[in-house]
Amino acid sequence: GWFRSAVRVRVAAVDDRGGRMTITARLDDGEPAVATDVRYVDVTVSGDGRHTVTATATDRAGNVSAVADLAVRIDATAPVSTGTVDGDTRTVTVTASDATSGVARIEYAIGTGAWTTYTGPIAAPDADRHTVSFRAVDVAGNLGTARTVTVPADLSGPLTGNIAPL
């Protein structure tokens, strides 16, 4: 899965004789950090993207473990969405982007209605003016800021109601 903030990875080593170890840990292509006479070392992983923590342990006799790798994926940035109103068809088209984990879904609400999963252009439910809110959620679970657009009223139809000549 994805993490939405910095992650602390604990690299632990165990020797069959119970002694302390030398642990070498590296984050991505960075310089290795070496800790001596320990049983574990913590590595902080931060920043959006895909990271790899690589580690080995060496016992007092000089035996070196196999290399252990752990993939860590972080996306702390919310997706961004954009809505466009087509005044002729009275529809709203929403797009979204997320540079790290990708967009999981787009949601919208008309007026104060419930959030609904976006599947295509949103049509105004009637001839009245409507506010459409929309937002995106990325694969990591970050919720983008809700934005709104207004679909104007359809004034092309005949006037009805209390209408009298002047």
Side-chain angles (χ1 to χ4, degrees), residues 1-60 62-86 91-123 125 130-149 151:
W2 287 87
F3 294 95
R4 294 185 297 177
S5 63
V7 176
R8 184 180 71 189
V9 175
R10 177 160 285 179
V11 178
V14 178
D15 184 30
D16 59 358
R17 297 189 184 235
R20 295 184 180 270
M21 312 282 279
T22 297
I23 298 175
T24 303
R26 177 191 325 228
L27 175 60
D28 297 328
D29 293 326
E31 288 296 314
V34 179
T36 57
D37 293 328
V38 296
R39 291 199 172 110
Y40 66 88
V41 64
D42 291 332
V43 177
T44 300
V45 182
S46 61
D48 281 6
R50 296 169 189 264
H51 305 279
T52 302
V53 176
T54 305
T56 59
T58 306
D59 66 13
R60 290 180 188 227
N63 299 309
V64 180
S65 71
V67 174
D69 291 326
L70 178 67
V72 178
R73 300 183 305 174
I74 298 175
D75 182 356
T77 305
V80 176
S81 55
T82 305
T84 305
V85 177
D86 182 330
T91 59
V92 177
T93 301
V94 181
T95 59
S97 63
D98 183 80
T100 308
S101 64
V103 175
R105 70 183 179 282
I106 298 172
E107 300 172 333
Y108 73 93
I110 299 175
T112 59
W115 288 101
T116 304
T117 300
Y118 177 84
T119 57
I122 306 154
H130 291 281
T131 300
V132 176
S133 302
F134 54 91
R135 63 189 183 189
V137 179
D138 66 19
V139 174
N142 295 304
L143 181 63
T145 302
R147 302 182 185 284
T148 60
V149 293
V151 178

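All figures in this text were calculated on a predicted structure; none of them were measured in a lab.
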Self-check item: Sub-4.5 Å side-chain heavy-atom contact between Arg73 and Ser101
Solution: no
Quiz item: Is there a side-chain contact between Thr44 and Asp42, using heavy atoms and a 4.5 Å cut-off?
Solution: no
Quiz prompt | Name of the residue among Val45, Leu70, Val9, Val7 meeting side chain to side chain contact (heavy atoms under 4.5 Å, CB included) with His51 | solution = Val45
Heavy-atom closest contact ([X] atom, [Y] atom, distance):
| X | Y | answer |
| --- | --- | --- |
| Val85 | Val151 | CG1-CA, 4.4 Å |
| Val72 | Phe3 | CG1-CD1, 4.1 Å |
| Thr91 | Pro121 | CB-CB, 4.2 Å |
| Ala66 | Thr56 | O-CG2, 4.3 Å |
| Ile110 | Ala123 | CD1-O, 4.2 Å |
| Asn142 | Ala78 | CB-CA, 3.7 Å |

Quiz item: If you draw a 6.0 Å radius around CZ in Arg17, do more than 12 non-hydrogen atoms from other residues or ligands fall strictly inside?
Solution: no
Practice problem: Kindly check if the number of other-residue, nucleotide or ligand heavy atoms within 6.0 Å of CG (Asp29) is above 12? | Solution: no
[atom1]-[atom2] distance between [X] and [Y], expressed to the nearest 0.5 angstrom:
| X | Y | atom1 | atom2 | answer |
| --- | --- | --- | --- | --- |
| Ile23 | Asp37 | CD1 | CG | 10.5 Å |
| Glu107 | Thr117 | CD | OG1 | 5.5 Å |
| Asp28 | Arg50 | CG | CZ | 12.5 Å |
| Arg105 | Thr119 | CZ | OG1 | 14.0 Å |
| Ile122 | Asp86 | CD1 | CG | 12.5 Å |
| Ile106 | Thr95 | CD1 | OG1 | 6.5 Å |

Quiz item: Can you check side chain to side chain contact (heavy atoms under 4.5 Å, CB included) on Trp2 and Asp138, steps first, answer last?
Solution: CA-CA 10 Å; Trp2 287 87; Asp138 66 19; over 6 Å; no
Exercise. Could you give me the CA-CA distance, side-chain angles and deciding distance for Thr54 and Val67, then say whether side chain to side chain contact (heavy atoms under 4.5 Å, CB included) is met?
Key: CA-CA 7 Å; Thr54 305; Val67 174; 3.3 Å; yes
Quiz item: Sub-3.5 Å donor-acceptor pair from the side chain of Arg4 to the main-chain atoms of Gly141, do we have one?
Solution: yes
Quiz prompt | Worked check of side chain to side chain contact (heavy atoms under 4.5 Å, CB included) between Tyr118 and Arg135 | solution = CA-CA 10 Å; Tyr118 177 84; Arg135 63 189 183 189; over 6 Å; no
Practice problem: Quick one: list whatever passes side-chain contact (heavy atoms from CB on, under 4.5 Å) with Thr77, sequence neighbours left out. | Solution: Asp48, Asp75
